[in-house]
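For reference, the structure is listed below as structure tokens.
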There are 2 protein chains.
Amino acid sequence: MAVPSGPVSPSTEAERAMFDFVDAYDRAYEVAADRHGMTVAQACVLGRIARPRGMRELADELGCDASNITQIVSRLEARELVERHADPHDRRSRRLTRTAAGDELNAAFEKTFEFARAATSNLTLDEQAQLAELLRKALGRPA
Amino acid sequence: MAVPSGPVSPSTEAERAMFDFVDAYDRAYEVAADRHGMTVAQACVLGRIARPRGMRELADELGCDASNITQIVSRLEARELVERHADPHDRRSRRLTRTAAGDELNAAFEKTFEFARAATSNLTLDEQAQLAELLRKALGRPA
DNA sequence: GGTGATGCTTGAGTCAATCAAGCATTTCTG
DNA sequence: CAGAAATGCTTGATTGACTCAAGCATCACC
């Protein structure tokens, strides 16, 4: 089930458009992950290990418990997509890296998840800039 | 963990803005559900029972197995938020309805999930219309 | 040099989700 | 009309995500 799967009683046309957009994005992400034999959480974690990362770091970024990351990383490690290395500066910490296979799978995933590319390709450059600005403004985080 | 929790190597400013927007939406939804003692899936299902619905119907809409709906509805039913009634026209089928408590909780949830309202309130009416149109166009589903 | 914080893991438990079976009912078809 | 196929839902088994509570090792500080 994509999250949150559709409109929540949107009251305006703009709200409905936002809901539909988010819904389409989430579903596309899920489909892409699945197509590469990953869960959403796994694709999400794998994607973040472009550079060496710590477990804690990822947990904070994703807003979840560290033990959750332990578990997800263990599954990725079992498939030899990521590796846990020792951190030379702190022996409690782990430096996560992607293996070559992990890099490959991640690239394949991103290629499959063409949602954003498709979305932008439906817009002119001007429109893209406009959309970006409006989304930022809507979030209350002006560029 | 919000899904999909952040950018997937976005290559353009517009793509990054979309990612951030979706991420913020998903997180807000999760927080709101949690605040009312529901999971994302539960809030999502509850929200769709504004009018009587069948199990199959919901499963199709959410793109998941019917047995998944059975399970989620059972939890909502245990909390007396929804009820399963017989369908007079098809005795295999169930007509799901919200109880008064279910209506109330759903309303409270929607009030808490102020994401869309907040987002639109950051925009002028003109900008809202523009955003809606751009999102539709990006999705390739012109209004 | 001990005390407390920090980074990670383990174990127990809940929920979401899928698949395979199975039951009851409806619908189609010969 | 009767038998076969399809449909709507549930159950049971299994996997994964997620949380919390504990615990271990290491670091940081006073």
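Chain letters run A, B, ... following the sequence lines, proteins first, then strands; residues in each count from 1. Keep in mind that the numbers below use all heavy atoms, side chains included, and drop hydrogens, waters and symmetry copies.
- Of all nucleotides listed (D/dT7, C/dC8, D/dG16), D/dG16 comes nearest to the side chain of A/Thr39.
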Inset, instruction - Walk me through it: do A/Phe115 and B/Phe19 pass the test ring pair (Phe, Tyr, Trp, His ring centres under 6.0 Å)? - result: CA-CA 10 Å; A/Phe115 182 85; B/Phe19 292 136; 8.5 Å; no
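- Rounded to whole Å, atom P of D/dT10 lies 11 Å from atom CG of B/Leu58.
- Residue B/Arg95 is out of contact with every strand shown, counting any heavy-atom pair closer than 4.0 Å.
- Here C/dT9 is the nucleotide among D/dC27, C/dT9, D/dA17 with the atom lying nearest to any side-chain atom of A/Met55.
- Mapping A/Gln42 and A/Arg91 onto DNA chain D by nearest heavy atom places A/Gln42 closer to the 5' end of the strand.
- The interatomic distance linking A/Asp34 (CG) with D/dT15 (P) rounds to 17 Å, in whole Å.
- Distance from the side chain of B/Arg92 is smallest to C/dA24 among C/dT9, C/dA24, C/dC8.
- Protein atom CD1 of B/Ile72 is 13 Å distant from nucleotide atom C1' of C/dT14, rounded to whole Å.
- The CG atom of A/Leu96 sits 8 Å away from the P atom of C/dT9 (whole-angstrom rounding).
- Residue B/Asp65 places its side chain closer to C/dT18 than to any other of C/dA24, C/dT18, D/dG16.
- Between the A/His36 side chain and the A/Ala108 main chain, a donor and an acceptor come within less than 3.5 Å of each other.
- Distance from the side chain of B/Asn68 is smallest for C/dT18 among the nucleotides C/dT18, D/dC9, D/dG16.
- The interatomic distance linking B/Asp60 (CG) with D/dT7 (P) rounds to 11 Å, in whole Å.
- Across D/dA25, C/dT9, D/dC9, the shortest atom-to-atom separation from the side chain of B/Arg94 is found for D/dC9.
- Look at B/Arg84 and you'll find a side-chain N or O under 4.0 angstrom from OP1 or OP2 of D/dT10.
- Aromatic ring centres of A/Phe113 and A/Tyr29 lie closer together than 6.0 Å.
- Atom CG in B/Asp90 sits about 12 Å away from atom P in C/dC28, given to the nearest Å.
- Checking D/dT19, D/dT10, D/dT26 against the side-chain heavy atoms of A/Ser67 singles out D/dT19 as nearest.
- At D/dC9, one or more side-chain N or O atoms of B/Ser93 fall inside 4.0 Å of OP1 or OP2 (strictly under the cut-off).
- For B/Gln130 and B/Asp126, the side-chain atoms include no donor-acceptor pair closer than 3.5 Å.
- Between B/Arg56 and B/Gln71, the residue anchored closer to the 5' end of DNA chain D is B/Arg56, taking for each the nucleotide with the nearest heavy atom.
- Taking atom CD on A/Glu57 and atom P on C/dC8, their separation rounds to 9 Å, with Å as the unit.
- With hydrogens and angles disregarded, no donor-acceptor distance shorter than 3.5 Å links the side chain of A/Arg117 to the backbone of B/Glu15.
- Residue B/Asp87 contributes atom CG, which lies 11 Å from atom P of C/dT27 at whole-angstrom precision.
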